[in-house]
Amino acid sequence: MARVIVVGSGIAGLTTALSAAAHHEVVLVTKSTLGQSNTRYAQGGIAGVMFAEDSVEAHIIDTLAAGAGLCDEEAVRVLCTEGPARIRELVAFGVEFDRTDGEFARGREAAHSYPRVLHAGGDATGARIEAALVARIRESRAAILEDTFLVDLVVEDGRVAGALLRFADGEDRFMPADAVVLATGGAGQLFPYTTNPAVATGDGAAAALRAGARLADLEFYQFHPTALTTAERFLVSEAVRGEGAVLRNAAGERFLAAVHPDAELAPRDVVARGIAAEMAAQGGLPVVLDATMLGASFLANRFPVIDQAVRASGIDWSRQYVPVSPAAHYWMGGVVTDLDGRTTLPGLYAVGEVARTGVHGANRLASNSLLEGAVFGARAARALDTDDVSAWPAPPRPVVTIARNPVSDAPPFSRAELQRVLWDAAGLLRDGAGLQHAAAILDAWSTAPLPTDSIRSLEDRNLLVLGRELVLAALARTESVGAHARSDSPAGVPATAKFREVAPAC
Ligand code: SIN
């Protein structure tokens, strides 16, 4: 029996760990408490073909269209074909998806040609899935290490030999393993405004990069159009627009119909940029979400989590508009994998948001992320059963991008400064000059090693290395595509779309 370390406890990590625990010695490592992950905060739901009138082909077409031509079609086919079985498995694990007249309730979200998004507890889908999987993993044979941080992967003889972990007692110790599965999620903390929890600092992706695994598509960061403009940037699900809510500018006018024929239900990148342009045009003021037509009892029943957050910020959204603006939400890029989660580094697997499976291309379709975690988590677990790591081809030598052009007047490094630089240069709208300047600042910060004495400083080290790679990837892609919009690209994105908020409204 092999020892497998799974790092991360969202849907992807838990799915992998649960399946793998049947045949292997599994150690599930999580930097916080079990259940503290991006999955827990997912609201809208999980997309999958569960109704006779829908089709896998239609889900594939929608996913490819949202991905703006850059998805790997084979990976999309796997996702959409195997998704329904994984959803049924979640039901068997105890997830009670909401029903209407005995049938699964059909949620509509942007850029889906069919209302195929299942939800649970109204808008508590991620939390319900997380709770069911956490209950199952606690019953399994997997060992669980909470408050344990992945410092680095350890590579010996060209393959992953285990992980250096910082344990809850503050000590760093090497844990040997036959395979390591990264399920560490995204890195929303690269930006000052994010829907992600504080744990989303890209630890797995950064460790994979340092270990020599290949990463790709890092320029594609998805900004969710509608986060509540409180300090915490609470997500206001796309499903609210799917139920009929609309967006208005400061003058109270709807503005998205002029941007895209599907208006509020256009692909997420289009809506986010449309909002940013409107905000820039109105001096940085947030736009507002008008859900008043849905009524108090519908809002409270269908969206209990958002209802609570919006009301806690002092807004009665059955009568008042909700100020919203875009916030970093999901990283389409990540550690390159094949269809079974294998990375380019023998013995290393990646599943969920940390992975670049190719299913999202330049822009992820709403509610495909939980599905990806379930589908590819299960596939990686199956691969663990059969893989012979010694037969895994050794990777090419890692490409180390060295500091090229550091500026001498970079401000001192801090996480807040890093986030500001990335938001300004590599946020919703980019251009060559801004990216060059950001790269020079990031190069300057990268010339001296950051401390590693605390978890916070280890996270900062990870954010810096990933922020720099994101900027370099954005510089290298000179055309606008999907979530990567350049004002200096021939595709032409309105130069006004950049915004800096002036007045958080609540
Ligand atoms: C949302 O509920 O709007 C987010 C869903 C997703 O990120 O797919």
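Because the structure is a prediction, the values reported are computed rather than measured. Each ligand, and each atom within it, is numbered from 1 in the order the structure gives.
Judged by the shortest distance from any of its heavy atoms, H329 lies inside the 4.0 Å radius around the atoms of ligand 1. Within the 4.0 Å heavy-atom cutoff, A42 does not count among the residues contacting ligand 1.
Nearest non-hydrogen protein atom to atom 8 (O) of ligand 1 is S367 N, 2.6 Å. Among protein heavy atoms, atom 2 (O) of ligand 1 sits closest to S237 OG, 2.6 Å.
With 3.5 Å as the limit, one finds no donor-acceptor pair spanning the side chains of Q189 and T194. The closest side-chain donor-acceptor pair between S367 and E109 falls under 3.5 angstrom.
For ligand 1, the polar-atom distance check finds no N/O of S369 at less than 3.5 Å from any of the ligand's N/O atoms. Checked against a 3.5 angstrom limit, the closest N/O atoms of H224 and ligand 1 fall inside it. Checked against a 3.5 angstrom limit, the closest N/O atoms of G44 and ligand 1 fall inside it.
Heavy atoms of H119 found under 4.0 angstrom from ligand 1: none, in either backbone or side chain.
Note on residues 36-51: no pairs pass salt bridge (Lys or Arg N to Asp or Glu O under 4.0 Å), not counting sequence neighbours. For residues 301-318, every residue pair satisfying the salt bridge (Lys or Arg N to Asp or Glu O under 4.0 Å) rule, not counting sequence neighbours, is listed here: E243-R302, D307-R311, R311-D316, D316-R319.
Y221 places a side-chain N or O within donor-acceptor distance of the main-chain N or O of G188, the cut-off being under 3.5 Å. Within the 3.5 Å criterion, the main-chain N or O of I144 finds no donor-acceptor partner in the side chain of R138.
Ring-centre distance between F223 and F191: below the 6.0 Å cut-off.
The ligand atoms of ligand 1 that sit less than 4.0 angstrom from a heavy atom of A366 are 8 (O).
Taking only non-hydrogen atoms, the option from E238, R241, R364, R268 nearest to atom 5 (C) of ligand 1 is R268.
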